[in-house]
Amino acid sequence: MPCVMDLPSTPEELAPQHKDTSVLNDLLKDPSRWHSVPLLNYTPLHKLKDQTLVRFRGMIQDMMDPEIYLERYELKSADGSRRLQNGKYRDCLKLSTGEEIDFNAESNVHGERRTMFVISVPGLNDWSKDHEKQCCPQVTLVSQAQSPSLAKKRTIEEQDAMEVDGADETSLKRPCLEEIKAKEEAKSGPCSTTLGSEYLLNSPLPDRPSMACMVKVYEDFDSYKLNALVDFVGFLSVDSSLDAATLDVDDCENLSELQAAHPSPFLIPRLHAFGVQMLSHVNPLLDKSLRQPTVPCEEAYPSQLAVHKDLRMLLKLCLFDDDLAAEYLLSHLISTVYSRSEMQSIGKFALNLCNLPKECLPDFTTKLYNILELLLPASHYLPLTLETMNTAAFAPKKDYETNKLVSGVLQLAPHTHLVLDETCMQQGKLEANGVHAVQHLAHLINNQELKCDFQYYQIDYHANIPVLVLSEGRSMLPSDFVVPINADAKAVDLVSESLKAAQHYLQPTRLEQFRKYLTSARISNFNVSEEHTEMIQQDFVDMRKANVKSNADDLHGLLVLSRLLGIARGKETLDKETWQLATEFESKRRQRLQSLPKSTAQVRN
């Protein structure tokens, strides 16, 4: 069984003259080689030494400017001897006492690397975090006296303030977040710290803060995209000299930019990556790079059709016994943008569940979200109050003083379900920020793109964020499918008991089945044969002849819905039965819409 020992334990083993990185990339294709590498997301920094092999999983929140560094450099001693030293996968140049760097040596080699500002997945739900942490290898703090590799290291490096010979666990412990904040408040002077911890961590969801890591990559720069999900493996760098706040700077003009580029490594550690895998999802139950806990007596996994039936029953129970609404909500939960053209993001399924019974509000929306939160790996509930709309930052914005992209609420990782609660909207006026918030939300829903404000221009970045809007009347926001709830009177009276029963129904084994099912369905393949393409075209022509109001958008919606209905039932190709089911559902939905009042949005511009 391959283990972490197959991977390098020091940067020197990755020196270009000693190791071909393509060989390492081949080794990392085996998921089991990732199992024993500590996850920086869940391992306290005081348990890790500088240059430890670690992993970090998260979302690329920002990309920093290219950096030129000494990949290899020549050292000269007082006795005239010279040697070459590898500088790759390091922040600080390495030399022994009595040596100095010959910056003019012809043997010096310069390289380029890029720094990615990566944050742990915003909106990752508690059960996902708990499972990742359970899969994370436990790290035992090793004293210097017990570490043979460290003894060798000390013979050629300057003594580090954090690592003193004979240090015990207490002396190795690094500052925690509270200590860093206290130092920020205590620091004074003409060039005192101006950037707070919250600003530096830059979490899109301030009430659910993410961990941050600055990851330095050395190749394939163009393969990294903003907001992409990644899992890096590389060497930890937490040298105290990396903190710009510790420098005695006389010129304060560029201090903010300096501190943003070089925050405390105890607040935001560095990782020099030599291995990376792009993540198609964040469901830890289906991630082979995480060592899954063994189940003593695992029951046979039921068929996808059986799980679909149970999950649909659960959603129906949560939606006032409305079977049609349950079908559309389930389709929404497994939807994804699977293709893009110049004009469309194909596969998006923004859903507006409206006509919610007033007597059940406001508790119903939060309790429904609590159920969804248990099913989905990542999600976020956003009540659209006037205060939130008028004050919150929704889209990322470039701060040119710090050269940093300041995050916004909508900068979420792919497949993070965004639940917008419009029932919280009060009467009042949307101010300028609120109007922009509505515009950003509408643009995200319509195009699955996120506008980033660069002050002098705006850039659209691809997004893949399923949006669910809960409202009394029809939402003021656009959507792909509006489904008015047809609430059974008895179900309305028993809604509290129904939601409690739903919570009780979600026992651990069933929860795991639902969680795996939703992710597996979303990433599964589905095809439409040429034969069924002709059938669809003919049905659409017949609908037009029968004076049924249909246009290209309606046809596209039918195709998306039929695809999701087929996937939900474990099918890999579209068949006539599924297509007819989609047309039947759409016919029922439109009938409901005819009796629905026009938008009852209570805001005015």
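What's counted below: heavy atoms across the whole structure, side chains too, no hydrogens, waters or symmetry copies.
No side-chain heavy atom of His262 sits under 4.5 Å from any side-chain heavy atom of Leu242. A 4.5 Å side-chain heavy-atom check between His462 and Val337 finds every atom pair outside the cut-off. Using a 4.5 Å cut-off on side-chain heavy atoms (C-beta onward), Gln455 and Lys398 make no contact. Between Met389 and Leu384, some side-chain heavy-atom pair lies under the 4.5 Å cut-off. Annotation: side chain of Leu70 is in contact with side chain of Asn108 (closest heavy-atom distance under 4.5 Å). At a threshold of 4.5 Å between non-hydrogen side-chain atoms, the residues Gln411 and Met59 count as touching. In this structure, the side chains of Leu444 and Phe394 stay at 4.5 Å or more apart for every pair of heavy atoms. Ser128 has its side chain out of reach of Arg515: every pair of non-hydrogen atoms, C-beta onward, lies at least 4.5 Å apart.
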Quiz prompt | Gln51 vs His272, side chain to side chain donor-acceptor pair (under 3.5 Å): CA-CA, chis, key distance, verdict | solution = CA-CA 9 Å; Gln51 299 301 307; His272 293 262; 6.0 Å; no
Self-check item: Residues Ile536, Leu558; criterion side chain to side chain contact (heavy atoms under 4.5 Å, CB included); working and verdict
Solution: CA-CA 10 Å; Ile536 291 169; Leu558 269 171; over 6 Å; no
Exercise. For Leu205 and Leu412, run side chain to side chain contact (heavy atoms under 4.5 Å, CB included): C-alpha distance rounded to whole Å, both residues' side-chain angles, the deciding distance at 0.1 Å, then the answer.
Key: CA-CA 9 Å; Leu205 308 176; Leu412 301 173; 4.1 Å; yes
Quiz item: Please walk me through it: do Arg270 and Asp91 pass salt bridge (charged side-chain N to carboxylate O under 4.0 Å, His left out)?
Solution: CA-CA 9 Å; Arg270 280 65 159 171; Asp91 283 302; 5.1 Å; no
Quiz item: Going through the distances and angles, do Lys404 and Asp62 end up as a salt bridge (charged side-chain N to carboxylate O under 4.0 Å, His left out)?
Solution: CA-CA 7 Å; Lys404 190 177 181 69; Asp62 195 6; 5.4 Å; no
Quiz item: Does the side chain to side chain contact (heavy atoms under 4.5 Å, CB included) test come out yes or no for Lys129 and Tyr42, once each step is laid out?
Solution: CA-CA 9 Å; Lys129 294 179 183 177; Tyr42 303 103; 3.8 Å; yes
Exercise. For Arg522 and His415, run side chain to side chain donor-acceptor pair (under 3.5 Å): C-alpha distance rounded to whole Å, both residues' side-chain angles, the deciding distance at 0.1 Å, then the answer.
Key: CA-CA 9 Å; Arg522 181 175 55 75; His415 316 124; 3.0 Å; yes
Quiz prompt | CA sep, side-chain torsions, deciding dist, call: Gln61, Asn202, side chain to side chain donor-acceptor pair (under 3.5 Å) | solution = CA-CA 9 Å; Gln61 190 276 327; Asn202 206 13; 3.0 Å; yes
Quiz item: Could you go step by step and tell me if Val560 and Asp480 meet the side chain to side chain contact (heavy atoms under 4.5 Å, CB included) rule?
Solution: CA-CA 10 Å; Val560 171; Asp480 299 309; over 6 Å; no
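For the pair Asp50 (side chain) and Val238 (backbone), a donor-acceptor distance under 3.5 Å is present. Of the possible polar contacts, none joining the Ser345 side chain to the Arg340 backbone as a donor-acceptor pair under 3.5 Å is found. Remark: side-chain polar atoms of Lys348 are paired, donor with acceptor, to backbone N or O of Ile445 under 3.5 angstrom. In this structure, His35 contributes its side chain and Lys288 its backbone to a donor-acceptor pair below 3.5 Å. With hydrogens and angles ignored, the 3.5 Å screen pairs no side-chain donor or acceptor of Tyr369 with any backbone N or O of Leu420. Checked by atom type and distance alone, the side chain of His417 never pairs as donor or acceptor with a backbone atom of Pro466 at under 3.5 Å. Between the Ser210 side chain and the Ser203 main chain, no donor and acceptor come within less than 3.5 Å of each other. Put simply, the side chain of Asn352 never gets that close to the backbone of Pro478: no donor and acceptor are under 3.5 Å apart.
With Met64 as the partner, the side-chain contact (heavy atoms from CB on, under 4.5 Å) test is satisfied by one option alone out of Met116, Arg114, Met214: Met214. Remark: of the listed residues Gln85, Lys76, Arg82, Arg83, Arg83 is the sole one forming a side chain to side chain donor-acceptor pair (under 3.5 Å) with Glu99. Between Leu229 and the options Ile60, Thr416, Val282, a side-chain contact (heavy atoms from CB on, under 4.5 Å) holds for only Val282.
In this structure, OG in Ser335 is found 5.5 Å from NE2 in His332, a value given to the nearest 0.5 Å. The distance from atom OH of Tyr338 to atom CG of Asn464, rounded to the nearest 0.5 Å, is 12.0 Å. To the nearest 0.5 Å, atoms NZ (Lys516) and CD (Glu512) are separated by 4.0 Å.
Ring pair Tyr89/Phe274 is perpendicular by interplanar angle, where above 60° counts as perpendicular and below 30° as parallel. Aromatic ring pairs are classed by plane angle as parallel below 30°, tilted from 30° to 60° and perpendicular above 60°; the pair Tyr69 and Tyr218 is perpendicular.
Heavy-atom minimum distance, Phe117 versus Leu200: CZ-O, 3.2 Å. The two atoms that bring Asp243 and Pro265 nearest to each other are CB-CD, 3.8 Å, heavy atoms only.
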